[in-house]
Amino acid sequence: MPGRQLGPTMYGHSDRTVSPAIGSVNGKPVIVTGGRDDLLRVWDLATRKLIGEPIPAGQDGVDHVELHRWDGKDIAVVSGGALRAWDLGTRRPLTPPIVTQTLHTNLLAVDSHDGQHVALTEGKFPFELQAWDLNTGSAVGAPLKGHEAKPRAGAIGQLGGTTLAVTGDANKVLRSWDLKTGKALATAKVTSMDYISGIAIQGGAAVVTGTDGDFQGRMERWDLAAGTVTEVKHKGEFFPVELRELDGRTVTILSGDGTLRVADLATGELIGHGWDSDDLLDHVAAVGKYGTTPILVIGDLDGTLTIWDLRTGRQLGKPFFGYGGGVETLAVTKVRGKAVAVTAGADDTIRMWDLATHKPFRAPISCACVEYAPMTTVTRGGKPVVVYADVEHGLVARDAATGKQVDKTGISVASHDGPAQLSVDGSVVATTTRDGGAELWDLSAGSRRRQVNATEVDAVAVGNRIIATASGEQIKLWDQATGQPIGKPIASGGQAESLAIGQVDGKTVVFFQRKYAPEWGGIRLWDAATGGPYGKALSIRSTAMAVTRVGSRTVLVTGQNDGTVIVWDPQTMKPLLPPLSGHHGAVSGVAVTMLKGKPIAVSSGDDGGIRTWDLTDLPH
């Protein structure tokens, strides 16, 4: 295993993954992971490379992944907003989505019996269970009723020729069911634990893991024939994380004393060594095999995956980074003649991407970025500079080519109600401040130019020799040279999410994006000279807005909650192109730049993707 980092994917920012599953596709050992971005990823265990494009397998996030063998096919059963089986070889769904009435489909178990591939989930009503035929997407039999609290875990197995399910609920009650008839078979109760976290069926017994009132791990064994429940003792305290199959044995992954352990359920024998685990909640884990080597895969919530040899306790290769998550803000610039996208993500890094090759332009830059605060790029001394809001250092400017800091202004850049706002006009940057004001900075000189006498500022924009600030339901305009107010305040009719300034038909126009309902994301235009409305309003749910020049015309680019990007003519407020679709989730940032002489739009999304769109064919 060379342990290479997984290449120049555009999914670079870290976000939470669910438990990795280990299996094979066409005989090749793989790791399969799902995430909050609705995507399923398949990784080659030998090369650490992503196999194919991510599979859009989720609806409202992927909560659980189980690997299964289906008529000679390697499949993944995925739960989230819906339950569905995917053929990992063809990357196509095998079943229609099964949508239950629960907010998220709680997948308890997957197995095959009597030629059917069955998944067991929570049912339509509280405390019910439902079996589903994955071939048809239809329910198998009537709901299983009997639990008086929320089902927490489940397993499907065989006992004396009967296919049965064993489930445990929040009241510590265990129930067994004949899956063919739907009949309840037996009931038992665990005594040493307050919370049931996992169940496995092994040798005529159901092995149950959970924790007691002090959050210490406990394990009990329910003899399904005799009906007796006994506690399984282990040395030391542990927290059972997961139950898995390995070499025909059921093993449990345990956590305790700052380590992860693996133990054989039948004998209690510990396998391998302990692995550091400062906080169990920051880790998910799975066991499997690579060739003949038993392995443990540990996934951290920051998206890092590590692989360990269970026999020797040694790490196999270097950590690699698996997950695309939310890009919180985006800007574009030119670095050494290349068009570059600059992004800030939830993992507190700033990353730069070559838009021609879609490869990382340089190593990530660590930052304590203000969450969802915009960033911008300017030219200073002929060099591109990235300007962003940092929690610890305020407004920070870095050389885009070298990543070195060129300015740390010391100003606290966070508004009184949410993230800071940034706007740029040449080398002049306007920003909101922590006390609700607005400041103007000259990045060429590295100094503050002036403070605008505005209060409770929600958004700010600079351009065409004016500054616009939004406070409450008012927009005020200021002379950029003197800092004095221009004209009367404009009644905007709502609180601003963002502002922009542009030239439309020879007039200076202020673009206003509304923050709250009933017209959340809607955009209105105002004539800066008269203070009156300009043209038509847009009643859309936009999540990002950019105003720029493409050739001789000004265009408005919006990102939508449904993942599309739309380019508008501000004079008519009609789309200049059909919606540009590709993101899985809301668009978080939009910008426009030139790439090889062509105008392009660049968008980022909550899915961690960065996409480029050719605007060459805009109608004249």
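As the structure is a prediction and not an experimental result, all values here were calculated from the model.
Taking CG of Asp223 as the reference point, atom OG1 of Thr230 lies at 8.0 Å (rounded to 0.5 Å). Ile156 contributes atom CD1, which lies 8.5 Å from atom OG1 of Thr163 (distance to the nearest 0.5 angstrom). Between Arg152 atom CZ and Asn171 atom CG the span is 9.5 Å, to the nearest 0.5 Å. Rounding to the nearest 0.5 angstrom, the gap separating the OG atom in Ser603 from the CG atom in Leu580 is 8.0 Å. Between Leu224 atom CG and Leu185 atom CG the span is 9.0 Å, to the nearest 0.5 Å. To the nearest 0.5 Å, atom OG1 of residue Thr162 and atom CG of residue Leu159 are 6.5 Å apart.
We find that Lys150 and Asp169 are not joined by a salt bridge, their nearest charged nitrogen and carboxylate oxygen being 4.0 Å or further apart.
Annotation: side chain of Leu129 is in contact with side chain of His147 (closest heavy-atom distance under 4.5 Å). Side-chain contact between Leu67 and Leu88: present, with at least one pair of heavy atoms (C-beta onward) separated by less than 4.5 Å. Looking at Ile201 and Val166, their side chains come closer than 4.5 Å, going by heavy atoms from C-beta outward. Side-chain atoms of Val190 and Val173, non-hydrogen and from C-beta on, never get closer than 4.5 Å to each other. Leu164 is not listed as a side-chain neighbour of Trp177, based on a closest heavy-atom distance of 4.5 Å or more. Residues Val30 and Ile51 form a side-chain contact, since some pair of their non-hydrogen atoms from C-beta on lies under 4.5 Å apart. The shortest distance between side-chain heavy atoms of Val77 and Trp132 does not fall below 4.5 Å. The shortest distance between side-chain heavy atoms of Trp86 and Ile75 does not fall below 4.5 Å.
Contact detail for Ile199 and Ala155: the closest heavy-atom pair is O-CB, 3.6 Å. Of all heavy-atom pairs between Val25 and Asp74, the closest is CA-OD2, 3.4 Å. Taking both residues in full, the closest heavy atoms of Gly559 and Val590 are given as N-CG1, 4.0 Å, listed atom of the first, atom of the second, then distance. Closest of all the heavy-atom pairs between Ala586 and Thr543 is CB-CG2, 4.3 Å. Pairing each heavy atom of Arg351 with each of Pro364, the nearest pair is NH1-CG, 3.7 Å. The two residues Pro579 and Thr564 come nearest to each other via the heavy atoms CB-CB, 4.3 Å.
Looking at Glu128, its side chain never comes within 3.5 Å of a backbone N or O of Gly146 through a donor-acceptor pair.
Judged purely by distance below 3.5 Å, without hydrogens or angles, the side chains of Thr167 and Arg175 never pair a donor atom with an acceptor atom. With hydrogens and angles left out, the side-chain atoms of Thr191 and Glu231 include no donor and acceptor closer than 3.5 Å. Residues Ser192 and Glu220 bring a donor and an acceptor atom of their side chains to less than 3.5 Å of each other.
For the side chain to side chain donor-acceptor pair (under 3.5 Å) test, no residue two or more places apart in sequence or in another chain qualifies with Thr181.
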**OP:** In sequence, state the C-alpha distance, the side-chain angles, and the governing distance for Ser176 and Trp222, and then conclude on side-chain contact (heavy atoms from CB on, under 4.5 Å).
**Re:** CA-CA 11 Å; Ser176 61; Trp222 180 22; 4.0 Å; yes
**OP:** Could you give me the CA-CA distance, side-chain angles and deciding distance for Leu174 and Val208, then say whether side-chain contact (heavy atoms from CB on, under 4.5 Å) is met?
**Re:** CA-CA 9 Å; Leu174 302 172; Val208 186; 3.8 Å; yes
